*Asks:* 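Below is the structure I would like to discuss, written out as structure tokens.
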Amino acid sequence: MKPFSMIALLAASALASPAVAQTQTQSGAEAVRSLPAAGLTLSQAVPNPVDTPFPGGTIKIDVDATDLARGLFRTTETIPVAAGTDKLTLLYPQWLPGRHAGLAKIRNLTGIRFTVDGKDVAWERDPVEVYAFHLDLPAGASEVVAHLVYTSALRSSEGRVVMTPEMMNLKFEEMTLYPAGHYVRRIAVKPTVTFPAGWDVATALDGMARSGDTVTWAQTDYQTLVDSPIFAGEHHREWDLGHDAQLQVFAHSPEYLDATDEQIGSVRALMDEAVILFGNQQWDHYDFLLGLTDTLGGIGLEHHRSSENTLPPDTFEDWEKNEYRVDLLPHELTHSWNGKFRRPVGSWTPDYRQPMQNELLWVYEGQTQYWDLPLSARSGMQSKEMVLGEIARSAAEYASEPGRSWRSLVDTTNDPQVGQRASKPYYSYARGEEYYNEGALVWLEADMLIRSETNGRKSLDDFAKLFFGGHPGDWGEITYDFDDVVETLNTIHPHDWATFLRERVYAAGAPAPIKGIELGGYKLVFKEEPNPFDKSLMAKGALRLEHSLGMVLSETGAVTSVIWDGVAFKAGIVSGAEIVAVNGEEYSADKLKKAITAAKAGGSIDLLVKRGGRYTTVPVAYDGGLRWPWIEKAVKGKAHIDRWLEPRR
């Protein structure tokens, strides 16, 4: 795909007609050409979506989520059809917003049956699009009933666990089908879920009514349904955050819900700071769905009026230990503006069949990753030192990452599909989803450049208000492209932004992304002690030696990562090996660190390495000492980065 070219979609500020009445009309994007015309090889048997209501009427969705012992969700979906309908194609959602790849877990959808008037109807899976199911309906059919069983993963090796004996994360897209041929926002649905006895339930869906353990919600559209996951469980607390927002926390045990006033105060401050930053709230109401768990699968996923988040069970109990993780919340909140309301043109699709195009993820995710840094510091969720440590870690990584020599930042936006979020033997050379952290450093440079050239009168905060704000309460979608980003940057501060971004994002071998740190009045340095962020990362026993021996070790000495062309790489040490001994003594992290320090004065580093059934003594030639990255003030007085991290409220 050519950079900056027009692709399948067009930004549209025209108002679209939703499937059902809303309290406020929402903005809506539109596809500008059909799928085959866009050059996509898809089945001709599956109708392309059009922006018209599904003619059958409202689909009733009933989910039985009570089978905790076996981890099963049983769905009965009643799909009305227009008179005379003899063929129906139903789709399983494949390309989901926020996932950046078509990797939906259709393998877990089982027990598929369709009936009309209680009699089975034959179905066949499309041979090209295996997420599509074709049905031939008998004459006079007025509705089709789909009977589905979604088998949740029971252990992490089977996928993400979404149901435990005390908690669940119910996602409607995993256990439902939708009719092909229509924009998903034009398909009306009425959801009902039966939960385990006595469980609390939280979701952004409207109109909740409860009868015993069966919960119903108001009629909505399928797009809103998919964008409104549920957290439910035995142990739950709710806090009001202001700005029509709630913090909904679930835990496996009630003592983990004992948050302090200061902790909840920092989340309230986050909401204040975010609304100040963007100039409005981009929702009618918002729910932070937070699971404190180590058994439910981890997640951080954005939605327009909610987000799915998991943190360790002891997050409130030991906030300091978990501080480096809590920027998950500002990240997912920021996506309500960047990624949901304003969405890259290729990332918006009319249904969940059309493949998404990820070219602008360096804005969607990269700028979101950038904003979670000041929002964390401004709200007090993280200390300034923790945020500076995270910046230092990213800057040091990309200043020396060998894969940047051949792979551009924009090409990493294809990694959700190319890499499928699987482990890689040499990550530092293969590269991964660098559009997050390296993208954030590009935006740091843009911000600091604006501040430097305007003597602090303008900043990327002004871009945030102009680009993402201005539509209070509108939780529809307005798309953007590269030119929109450049135009808005030039409105804030004239500069050759197109060249600036092309050189840093679209070219392999781009300069090390540390200019923003320098323009911000700081510099990247290395010390023998880890910065606060790296120290927290290593708290559970891992030893990160990327900038000395060029490898990362587990608590037991297993090699989990090796830097391409680094010291360990050159010595023949690879991932999967195990460091058994250091200079003849049984391995420990402290012994290895002492050996690295001693080697500065001429000492040796001899490692006994086990790989498979073989043991090899490997002499390591290195005398540079322990090295962890920091960023330090390089100017007198208050620097631009200092002001960037200051509270606005």
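Every heavy atom of this structure was used, including side-chain atoms; hydrogens, water molecules and symmetry mates were not. Keep in mind the model is a prediction, meaning the values are calculated, not measured.
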*Asks:* For the pair Glu174 (side chain) and Phe172 (backbone), establish whether a donor and an acceptor sit closer than 3.5 Å, ignoring hydrogens and angles.
*Replies:*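 Here the side-chain-to-backbone pair does not exist.
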*Asks:* Tell me, with the steps shown, if Val162 and Leu170 meet side-chain contact (heavy atoms from CB on, under 4.5 Å).
*Replies:* CA-CA 7 Å; Val162 297; Leu170 188 154; over 6 Å; no
*Asks:* Work out which heavy atom in Tyr370 is nearest to a heavy atom in Ala440; give both atom names and the distance.
*Replies:*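 Looking at all heavy atoms of both residues, the closest pair is CD1-O, 3.5 Å.
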*Asks:* Is Lys340 salt-bridged to Glu302, cutoff N-O under 4.0 Å?
*Replies:* no
*Asks:* Just verifying a value: how many Å separate Trp217 CH2 and Met208 CE, rounded to the nearest 0.5 Å?
*Replies:* 6.5 Å
*Asks:* Under a 4.5 Å cut-off applied to non-hydrogen side-chain atoms, are Glu77 and Leu177 in contact?
*Replies:*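 With C-beta onward as the side chain, the pair touches.
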*Asks:* Within the 3.5 Å criterion, strictly below it, is a donor on Gln282 or Asp474 matched to an acceptor on the partner's side chain?
*Replies:* no
*Asks:* Is the closest side-chain heavy-atom distance between Glu143 and Lys60 below 4.5 Å?
*Replies:*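 They are not in side-chain contact.
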*Asks:* Does the side chain of Arg125 reach to within under 4.5 Å of the side chain of Ile106, using non-hydrogen atoms?
*Replies:* yes
*Asks:* Which value, rounded to the nearest 0.5 Å, describes the distance between Glu308 atom CD and Leu328 atom CG?
*Replies:* 11.0 Å
*Asks:* To the nearest 0.5 Å, what is the distance between CG (Leu72) and CG (Asp67)?
*Replies:* 4.5 Å
*Asks:* Assess, by modelled atom type and distance only, whether the side chains of Ser307 and Tyr286 contain a donor and an acceptor separated by less than 3.5 Å.
*Replies:*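 Ser307 vs Tyr286: donor-acceptor pair found between side chains.
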*Asks:* Suppose we screen for side-chain contact (heavy atoms from CB on, under 4.5 Å). Which residues come up paired with Asp327, at least two apart in sequence or across chains?
*Replies:* Pro330, Asp372, Ser376, Gln382, Glu390
*Asks:* Does CG belonging to Asp117 count more than 12 external heavy atoms closer than 6.0 Å?
*Replies:*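 At most 12 heavy atoms, drawn from other residues, nucleotides or ligands, come within 6.0 Å of this atom.
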*Asks:* Where do Arg353 and Pro49 come nearest, in terms of heavy atoms and distance?
*Replies:* NH1-CD, 4.4 Å
*Asks:* Find the distance between NE2 (His252) and OG1 (Thr293) and round it off to the nearest 0.5 Å.
*Replies:*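 The OG1 atom of Thr293 is 2.5 Å from NE2 of His252, to the nearest 0.5 Å.
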*Asks:* Whether the side chain of Asp126 engages the backbone of His134 through a donor-acceptor N/O pair (distance < 3.5 Å, no angle test) should be reported.
*Replies:*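 No; judged by distance alone, with no hydrogens or angles, the pair does not exist.
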*Asks:* Should Trp337 and Trp371 count as side-chain neighbours, where that means a heavy-atom distance under 4.5 Å?
*Replies:*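 SC-SC contact between Trp337 and Trp371 ruled out.
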*Asks:* Using a distance-only test with no angle check, is there a side-chain donor-acceptor pair under 3.5 angstrom linking Glu433 and Tyr435?
*Replies:*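 Yes, a side-chain donor-acceptor pair sits under 3.5 Å.
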*Asks:* Do Glu365 and His100 get their side chains close enough for a donor-acceptor pair, meaning under 3.5 Å?
*Replies:*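 Yes, a side-chain donor-acceptor pair sits under 3.5 Å.
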*Asks:* Taking all non-hydrogen atoms of both residues, which atom of Ala104 and which atom of Leu96 are closest, and how far apart?
*Replies:* CB-CD1, 4.4 Å
*Asks:* So, Arg431 and Glu438, do they make that salt bridge, N to O below 4.0 Å?
*Replies:* yes
*Asks:* About how many Å separate CG of Asp351 and OH of Tyr222, when rounded to the nearest 0.5 Å?
*Replies:* 10.5 Å
*Asks:* Between Leu91 and Tyr352, is a side-chain contact (heavy atoms from CB on, under 4.5 Å) present by the stated rule, with each step listed?
*Replies:* CA-CA 8 Å; Leu91 301 175; Tyr352 307 122; over 6 Å; no
*Asks:* Regarding Thr368 and His331, do their side chains bring together a donor and an acceptor under 3.5 Å, going by distance alone?
*Replies:* no
*Asks:* Going by atom types only, do Thr192 and Thr216 share a side-chain donor-acceptor pair under 3.5 Å?
*Replies:* no
*Asks:* Taking the ring centre of each residue, are Tyr480 and Phe467 less than 6.0 Å apart?
*Replies:*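 Yes, the ring centres sit under 6.0 Å apart.
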*Asks:* Is the shortest heavy-atom distance from the side chain of Leu301 to the side chain of Lys171 under 4.5 Å?
*Replies:* yes
*Asks:* Is there a donor-acceptor pair closer than 3.5 Å between any side-chain N or O of His182 and the backbone N or O of Thr52?
*Replies:* yes
*Asks:* Do His304 and Phe341 come close enough that some side-chain heavy atom pair is under 4.5 Å?
*Replies:*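 Yes; the side chains approach each other to less than 4.5 Å.
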*Asks:* Heavy atoms, side chains only, cut-off 4.5 Å: are Arg185 and Asp51 in contact?
*Replies:*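 Yes, close enough: below the 4.5 Å cut-off.
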*Asks:* Measure the CG-OH distance between Leu409 and Tyr436 for me, rounded to the nearest 0.5 Å.
*Replies:* 13.0 Å
*Asks:* Of Asn414, Asp415, Thr412, which is the lone residue that meets side-chain hydrogen bond (donor to acceptor under 3.5 Å, both in side chains) with Arg407?
*Replies:*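 Exactly one pass, corresponding to Asp415.
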*Asks:* Quick check: closest heavy atoms across Val189 and Thr58, and the distance to 0.1 Å?
*Replies:* C-CG2, 3.8 Å
*Asks:* If you look at every heavy atom in Met175 and Phe73, which pair is closest and at what distance?
*Replies:*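 Minimum heavy-atom contact is CE-CG, 3.6 Å.
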*Asks:* Any side-chain donor paired with an acceptor under 3.5 Å for His303 and Asp287?
*Replies:*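 Judged by distance alone, the side chains do not pair up.
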*Asks:* Show the numbers, then the answer: is there a salt bridge (charged side-chain N to carboxylate O under 4.0 Å, His left out) between Arg305 and Asp227?
*Replies:* CA-CA 8 Å; Arg305 300 190 296 166; Asp227 200 42; over 6 Å; no
*Asks:* Got a donor-acceptor contact below 3.5 angstrom from the Arg342 side chain to the Ile478 backbone?
*Replies:* yes
*Asks:* With heavy-atom distances below 4.5 Å as the criterion, would you say the side chains of Met168 and Phe195 are in contact?
*Replies:*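 The answer is yes; the side chains approach within 4.5 Å.
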*Asks:* So which atom in Gln369 and which in Asn437 form the shortest heavy-atom distance, rounded to 0.1 Å?
*Replies:* NE2-OD1, 2.7 Å
*Asks:* What side-chain donor-acceptor pairs closer than 3.5 Å can you find for residues 228-236, not counting sequence neighbours?
*Replies:*
| unit_1 | atom_1 | unit_2 | atom_2 | d |
| --- | --- | --- | --- | --- |
| Ser228 | OG | Thr224 | O | 2.6 |
| His236 | ND1 | Asp200 | OD2 | 3.0 |
| His236 | NE2 | Gln248 | OE1 | 2.7 |

*Asks:* In chain order, what residues pass the side chain to side chain donor-acceptor pair (under 3.5 Å) check against Glu332, with sequence neighbours excluded?
*Replies:*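 Testing Glu332 for side chain to side chain donor-acceptor pair (under 3.5 Å), a comparison that skips the adjacent residues, returns none.
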